Amino acid sequence: MSGAGVPDFFYREAQRLGYVARSAFKLLQIQKQYKLIKPGSSVLDLGCAPGAWLQVACQSLGPLKSGGIVVGMDIKKVKVPPQCDSRVQTIAADVLNFPRQKIRELSPQELGFSVILSDMCHSVSGITTRDAALSAELGMRALDLAVGQAVLSQSPDDDNDGGDEVPSNESRRGVLRHGGHLVIKLLESEDAQDFARICKPIFNKASWLRPKATRSSSREIYLICQGFR
Ligand SMILES: C[S@@+](CC[C@H](N)C(=O)[O-])C[C@H]1O[C@@H](n2cnc3c(N)ncnc32)[C@H](O)[C@@H]1O
């Protein structure tokens with residue numbers, strides 16, 4: 001629905017095409033422009049409910065015989081939606097607390113994922129600074145899960161003064177494969193700009209996208225990071 005409660009173009013299109021939510025069109029646009037998911041890709045979809053990105057990710061893998069896998073995680077229980085095949089599985093868990101090693105174990109041969117998508121967000125309170133801080137917390141968890149603390153601690157934005165607990169080997173290693181891609185949803189803010197500063201040196205390319213299906217009232221923006229170094 002649109003903000004005024006009137007079904008908008010993307011809502012009607014989602015219904016017509018069998019997508020469980022209009023958000024499908026955001027990932028469809030990302031796929032059209034960046035072609036991140038390829039036949040055989042292993043995809044981790046963080047914040048996957050109600051499952052529209054699972055549908056688009058599964059379609060992007062191509063026919064069943066091309067292989068690939070899509071693992072969706074959400075704090076809510078998610079039923080694998082229609083149009084998805086046996087390559088899609090979902091897990092109900094809080095991404096902020098779920099152990100990284102358990103996520104790795106869900107990837108093919110425990111080698112990590114080739115694409116990590118984070119569309120996670122809290123329900124918006126309307127308090128701009130609070131919403132931006134919560135969005136940055138979820139975005140930072142996605143980035144940390146993907147690249148690991150070993151990489152983040154080399155970032156010029158890392159403010160670790162040496163007094164923090166030394167991370168275990170496990171937390172130092174991310175679950176994104178080298179050459180892999182990461183998409184993070186954020187709300188526009190100063191914090192969001194820090195993500196680009198951190199990601200530019202550790203990926204071949206990092207760029208911002210505001211998909212056409214984003215509602216005009218929303219401050220959401222996606223950081224598209226390609227080619228993990
Ligand atoms: C905008 S929705 C995602 C829509 C989804 N990409 C789709 O197309 O169907 C954001 C999701 O993030 C989830 N979320 C928020 N915080 C989370 C957390 N800590 N762990 C897991 N999921 C979380 C919410 O439950 C919500 O379902």
Side-chain angles (χ1 to χ4, degrees), residues 1-5 8 10-11 14 19-27 29-30 43-57 70-81 90-100 102-103 106 113 115-147 149 152 157 159 171 174-176 182-199 206 208-225:
M1 293 280 188
S2 73
D8 71 2
F10 292 107
Y11 179 88
Y19 291 119
V20 293
R22 64 193 290 297
S23 52
F25 293 97
K26 298 176 189 170
L27 185 57
Q29 183 180 345
I30 292 170
V43 182
L44 177 64
D45 180 4
L46 302 173
C48 66
W53 282 29
L54 295 174
Q55 293 176 300
V56 175
V70 182
V71 176
M73 289 182 68
D74 203 287
I75 214 158
K76 298 175 196 152
K77 198 159 185 269
V78 193
K79 230 171 82 190
V80 173
T90 60
I91 291 165
D94 182 345
V95 171
L96 292 175
N97 302 320
F98 199 73
R100 187 188 312 250
K102 287 205 168 155
I103 296 182
L106 296 165
F113 292 87
V115 181
I116 299 182
L117 309 169
S118 171
D119 197 22
M120 288 189 287
C121 65
H122 292 274
S123 21
V124 175
S125 71
I127 305 166
T128 312
T129 46
R130 181 168 188 275
D131 290 336
L134 290 173
S135 153
E137 181 190 28
L138 291 171
M140 189 46 78
R141 175 61 176 158
L143 177 59
D144 172 52
L145 268 178
V147 306
Q149 289 180 15
L152 288 181
D157 277 52
D159 56 6
S171 67
V175 299
L176 181 65
L182 171 68
V183 173
I184 308 178
K185 172 157 82 183
L186 293 161
L187 295 183
E188 276 173 309
S189 68
E190 254 307 300
D191 287 345
Q193 294 309 321
D194 289 341
F195 279 81
R197 276 194 284 278
I198 296 170
C199 290
W208 291 107
L209 177 75
R210 188 176 155 84
K212 291 196 179 91
T214 298
R215 296 174 199 281
S216 55
S217 57
S218 167
R219 290 175 22 257
E220 78 183 15
I221 187 158
Y222 291 83
L223 185 60
I224 318 283
C225 303

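Nothing here was measured: the structure is a model prediction, and the numbers come from that model.
- Between the Arg100 side chain and the Asp144 main chain, a donor and an acceptor come within less than 3.5 Å of each other.
- Atoms CG and OG, from Asp131 and Ser123 in turn, are 9.0 Å apart once rounded to the nearest 0.5 Å.
- Side-chain contact between Leu96 and Glu137: present, with at least one pair of heavy atoms (C-beta onward) separated by less than 4.5 Å.
- No more than 12 heavy atoms of other residues, nucleotides or ligands sit less than 6.0 Å from atom CZ of Arg130.
- Rounding to the nearest 0.5 angstrom, the gap separating the NZ atom in Lys185 from the OG atom in Ser23 is 7.5 Å.
- Note: Ile75 CD1 to Asp94 CG = 4.0 Å, rounded to the nearest 0.5 Å.
- For the atom pair CG (Leu186) and OG (Ser118), the distance works out to 8.0 Å, reported to the nearest 0.5 Å.
- Atoms OG and CD, from Ser218 and Glu188 in turn, are 8.5 Å apart once rounded to the nearest 0.5 Å.
- Residues Leu223 and Ala196 approach most closely at CD2-N, 3.9 Å, considering heavy atoms.
- At least one donor-acceptor pair under 3.5 Å links the side chain of Gln55 to the backbone N or O of Val20.
- Side chain of Ser189 to backbone of Ala132: no donor-acceptor contact under 3.5 angstrom is found.
- Partners of Phe25 according to the ring-ring contact (aromatic ring centres under 6.0 Å, His included) rule, which considers only residues two or more places apart in sequence or in another chain, are Phe10, Tyr19.
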Intermediate values then yes/no, side chain to side chain contact (heavy atoms under 4.5 Å, CB included), Asp74 and Thr90: CA-CA 8 Å; Asp74 203 287; Thr90 60; over 6 Å; no
